[in-house]
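Only one structure is covered here, and it is reproduced in the block below.
Note: hydrogens, waters and symmetry copies are ignored here, and every other heavy atom, side chains too, is used. Every number for a ligand or one of its atoms is a count from 1 in the order of the listing.
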Amino acid sequence: MDARRHAPATLRNRDPILAVLRRRLPPRGLVLEVASGSGEHAAHFAPRLAADLVWTPSDADPSALASIDAHAAAASAEAPGGARIAPALLLDAAAQDWPIARAEAIFCANMIHIAPWAAAAGLLAGAGRVLTPGAPLILYGPFQRAGLHTAPSNEAFDESLRLRDSAWGVRDLEEEVLPAAETAGLALDSVEEMPANNLCVVLRRR
Ligand SMILES: C[S@@+](CC[C@H](N)C(=O)[O-])C[C@H]1O[C@@H](n2cnc3c(N)ncnc32)[C@H](O)[C@@H]1O
């Protein structure tokens, strides 16, 4: 049976995100992906990034891991020399202990609004623990800015998320994310506007 799952949005956002990763990732080391979901991002990005980077996907949902590994295997079969994707890890961003002690970069797309705030806070705290000094945490997704939605579509999305689960919701960059990042020892590096009213937010370990 083919374990691969498909999240159609990844086909639309993967190349704009890849362009950011190419500019923001270090030339070598371990890139931890938190909340890899289907694994399609990992399979697209890893073979197109610097040869000395090893992409390490993960998710808190055990049932996601087979799909991530299956996409990685398919990408490795296509890429000369393999796709440089490690086996997927079971990693709950909210947990105190992560199954990884050190990373040269962390990437996380579309998790912090589709999970309780503890996942976002845990991601920032974990990034503070495992990132090497100066290393980036790159977040992709919708954000509010200083108390305001950036588009009517994001406001409607936020309402639909909160109806599904009152603990979910589009997070506020200035009022929620940056203060928690500061506490975790991360400083804002840059904010890039992305298609469909999403942002790439780059934080760096002090
Ligand atoms: C909307 S999907 C995004 C998947 C992928 N990053 C993408 O952009 O297509 C959200 C993912 O977050 C994962 N997730 C939710 N809470 C999490 C947590 N506390 N730690 C790690 N992953 C979590 C879910 O299992 C799911 O795979």
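Only backbone heavy atoms of Leu91 (N, CA, C or O) come within less than 4.0 Å of ligand 1; its side chain stays farther off. In Thr10, the part holding a heavy atom less than 4.0 Å from any atom of ligand 1 is the side chain. Under 4.0 Å from ligand 1, the heavy atoms of His41 that appear belong solely to its side chain.
Using modelled atom types, one finds no donor on one side chain facing an acceptor on the other under 3.5 Å when comparing His149 with Asn197. Side chains of Asp158 and His113: a donor-acceptor N/O pair is absent below 3.5 angstrom, by distance only.
Looking only at protein heavy atoms, the nearest one to atom 20 (N) of ligand 1 is Ala93 N, 2.8 Å. Scanning the protein for heavy atoms near atom 23 (C) of ligand 1, the closest one is Met111 SD, 3.6 Å. Of the protein's non-hydrogen atoms, Ala115 CB, 3.8 Å is the one closest to atom 16 (N) of ligand 1.
Between Ile114 and ligand 1, a contact under 3.5 Å exists for no N or O pair. At least one N or O atom of Asp92 sits closer than 3.5 Å to an N or O atom of ligand 1. Between Ser38 and ligand 1, no pair of N/O atoms sits closer than 3.5 Å. Inclusion of Val34 in the set of residues having an N or O under 3.5 Å from an N or O of ligand 1 is not warranted.
The main-chain N or O of Leu203 is never found under 3.5 Å from a side-chain atom of Asp189 such that the two would form a donor-acceptor pair.
The heavy atom nearest to atom 6 (N) of ligand 1, considering only Ala9, Ala35, Ala64, Gly37, is found in Ala35. Closest to atom 2 (S) of ligand 1 by heavy atom, among Asp59, Ile68, Asn110, Ile112, is Asn110.
Residue Ala60 has at least one heavy-atom neighbour below 4.0 Å for each of these atoms of ligand 1: 17 (C), 18 (C), 20 (N), 21 (C), 22 (N), 23 (C). Those atoms of ligand 1 with a heavy atom of Asp61 less than 4.0 angstrom away are 25 (O).
The local environment of CZ in Arg102 is sparse, with at most 12 non-hydrogen atoms from other residues, nucleotides or ligands closer than 6.0 Å.
Residue Ser36 places a heavy atom under 4.0 Å from ligand 1.
Taking the side chain as every heavy atom from C-beta outward, Val20 and Met194 approach each other to under 4.5 Å.
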